[in-house]
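What follows is a set of notes on a single structure, which appears directly below.
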Amino acid sequence: MAEPYGFLGLGIMGTAMVRNLIKAGKKVVVWNRTASKCEELVQEGAKAGKSPADVVAQCPITFAMLAQDEVALEVTFGPDGVLNGIKEGKAYVDASTVGPNTSKKISDAVTKKGGRYLEAPVSGTKQPAEQGKLIFLTAGDKSLFSDVKPALDILGSKALFLGDVGNGARMKVTVNMVMGTMLNALSEGLALSEKAGLSQESLLEVLDAGAMSCGLFKTKGPEMLKGEYPVSFPLKHHQKDMRLALAVGDEVAQPLPVAAAADQNFILAKSLGYGNEDTAAVYKALRGTEKRV
Ligand SMILES: NC(=O)C1=CN([C@@H]2O[C@H](COP(=O)(O)OP(=O)(O)OC[C@H]3O[C@@H](n4cnc5c(N)ncnc54)[C@H](OP(=O)(O)O)[C@@H]3O)[C@@H](O)[C@H]2O)C=CC1
Ligand SMILES: O=CCCC(=O)O
């Protein structure tokens, strides 16, 4: 019996994911640091837990979708944290994007207490989360992967099992590193075309007509040109992922010069106050000034 599902972290992604579980008729117990974010979901059918430990105590399988490594560790190891509720028969599925070392620490602690652990970061942003089209990059306990697959099928369109804990995290930050370099390349192309007196709209049209056509450019290109950045993937989280990918590169002695340069633009964008805007705002930092519209 998998239900009720527990869910910790009701940000952009977590809220959309819980809503899909509820819509699919699943019972869900939620917790969020800012408790007011539970209210809407409670009205839609969720139950609110008092703490991460309380949620784990009520649920055989608990998901998490938290901001970053420090938060995932705090929610696991802190007072009234996940570990306090873990024992045999309990399972923890962390979908947050964290580094492989953080994931391993959490996995070791959960399994030491008799629980099962699956890391399950996702590819796909706010809209795929709302549409139940996320791509899960899981690793860890294979039996838990099988047990949780019906829920992953509600939340996503694909779920890969990648082996030992750490592989899901490494895959996730590698994918986001590629996306970060692509966004910076697009930003440079748009900035260059403007300075060179070319039509930026024409640049997007040419890119879309050929081998570089992709969903990322189709979505983010027009947003960059309009200077409107509806927040789907906060820039501060993308910079965190670039940092995590560079750390993996460091650990395995793989030079990543292009990603390192792209990361510098994300750091610049954060320092200019764009951290809570969408990752597309990296264009503003690269371009140097606000887009004149
Ligand atoms: N947005 C996206 O497109 C995608 C994001 N991701 C990853 O998913 C994770 C969540 O992303 P997203 O939903 O966008 O992020 P948000 O910033 O919208 O939400 C972050 C969540 O973490 C919680 N949190 C932050 N700090 C703490 C803390 N100190 N203690 C407890 N809880 C805390 C927030 O709680 P509170 O409400 O109280 O602030 C909130 O629930 C991140 O790891 C991100 O990299 C992965 C794929 C796509
Ligand atoms: O981590 C965020 C990923 C965003 C995406 O895959 O579009």
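Both ligands and their constituent atoms are indexed starting at 1 by order of listing. Everything numeric in this text was worked out from a predicted model, so none of it was measured.
Within the model, atoms CG of Asp164 and OG of Ser103 stand 11.0 Å from one another, a figure rounded to the nearest 0.5 Å. Summarising the geometry, atom CG belonging to Asn276 is positioned 9.0 Å from atom CG belonging to Leu235; distances are rounded to the nearest 0.5 Å.
Nearest protein neighbour of atom 9 (C) of ligand 1, counting heavy atoms only, is Leu66 O, 3.2 Å. From the protein, the heavy atom lying nearest to atom 18 (O) of ligand 1 is Ile12 N, 2.9 Å. With hydrogens left out, the protein atom closest to atom 17 (O) of ligand 1 is His237 NE2, 3.0 Å, a heavy atom. Among all non-hydrogen protein atoms, the one lying nearest atom 19 (O) of ligand 1 is Gly11 CA, 3.4 Å. Val71 CG2, 3.4 Å is the protein heavy atom nearest to atom 26 (N) of ligand 1. Annotation: atom 6 (O) of ligand 2 to nearest protein heavy atom, Gly124 N, 2.8 Å. Remark: minimum distance from atom 36 (P) of ligand 1 to any protein heavy atom is reached at Thr34 OG1, 3.4 Å. Looking only at protein heavy atoms, the nearest one to atom 7 (O) of ligand 2 is Thr125 CB, 3.7 Å. Shortest contact from atom 41 (O) of ligand 1 to any protein heavy atom: Asn32 OD1, 2.7 Å.
Counting only non-hydrogen atoms, the option in Gln68, Lys37, Arg33, His238 that gets closest to atom 39 (O) of ligand 1 is Arg33. Proximity annotation for atom 6 (N) of ligand 1: of Thr97, Val75, Val98, Thr97 comes nearest, heavy atoms only. Of the options Met13, Met65, Lys240, the smallest heavy-atom separation from atom 44 (C) of ligand 1 is shown by Lys240. Taking each of Ala129, Gly78, Gly9, Ala67 in turn, the one with a heavy atom nearest to atom 25 (C) of ligand 1 proves to be Ala67.
Counted by atom type alone, Asp80 and Ser51 present zero donor-acceptor pairs between their side chains at under 3.5 Å. No side-chain donor from either of Lys240 and Gln68 sits under 3.5 Å from a side-chain acceptor of the other. In this structure, a donor-acceptor pair under 3.5 Å is present between the side chains of Asp54 and Gln58. Inspection of the Lys105 and Asn101 side chains reveals no N or O donor paired with an N or O acceptor under 3.5 Å.
Residue contacts with ligand 1 include Gly124, since one or more of its heavy atoms lies under 4.0 Å from the ligand. At a 4.0 Å cut-off, at least one heavy atom of Met179 sits close enough to ligand 2 to count as contact.
More than 12 heavy atoms of other residues, nucleotides or ligands lie within 6.0 Å of CE in Met179, so this atom counts as buried by the packing criterion. In Glu205, the CD atom is not crowded: 12 or fewer heavy atoms of neighbouring residues, nucleotides or ligands sit closer than 6.0 Å. Under a cut-off of 6.0 angstrom, the local environment of NZ in Lys218 is crowded, with over 12 non-hydrogen atoms contributed by other residues, nucleotides or ligands.
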Q) Checking salt bridge (charged side-chain N to carboxylate O under 4.0 Å, His left out) for the pair Asp108/Lys112: CA distance, chi angles, key distance, verdict? A) CA-CA 6 Å; Asp108 287 350; Lys112 201 170 160 198; over 6 Å; no
Q. Which is it for Met65 and Val122 under the side-chain contact (heavy atoms from CB on, under 4.5 Å) test, yes or no, and what are the steps along the way?
A. CA-CA 10 Å; Met65 194 49 160; Val122 300; 3.7 Å; yes
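Glu194 and Arg287 are joined by a salt bridge, as a carboxylate oxygen and a charged side-chain nitrogen come within less than 4.0 angstrom of each other.
Atoms of ligand 2 found under 4.0 Å from any heavy atom of Asn176 (numbered from 1 in listed order, with element): 1 (O), 2 (C), 3 (C). With ligand atoms numbered from 1 in the order given, ligand 1 contributes 1 (N), 14 (O) to contacts under 4.0 Å with heavy atoms of Pro234. Interface of Lys172 with ligand 2, defined as ligand atoms under 4.0 Å from a residue heavy atom, comprises 1 (O), 2 (C), 3 (C). Each of the atoms 1 (N), 2 (C), 3 (O) of ligand 1 lies under 4.0 Å from some heavy atom of Ser232.
Using a 4.0 Å cut-off between heavy atoms, Thr125 contacts ligand 1 through both its backbone and its side chain. With a 4.0 Å cut-off on non-hydrogen atoms, Pro121 does not touch ligand 1 at all.
The aromatic rings of Phe63 and Phe7 sit parallel to each other, their planes meeting at less than 30°, with 60° as the upper class boundary.
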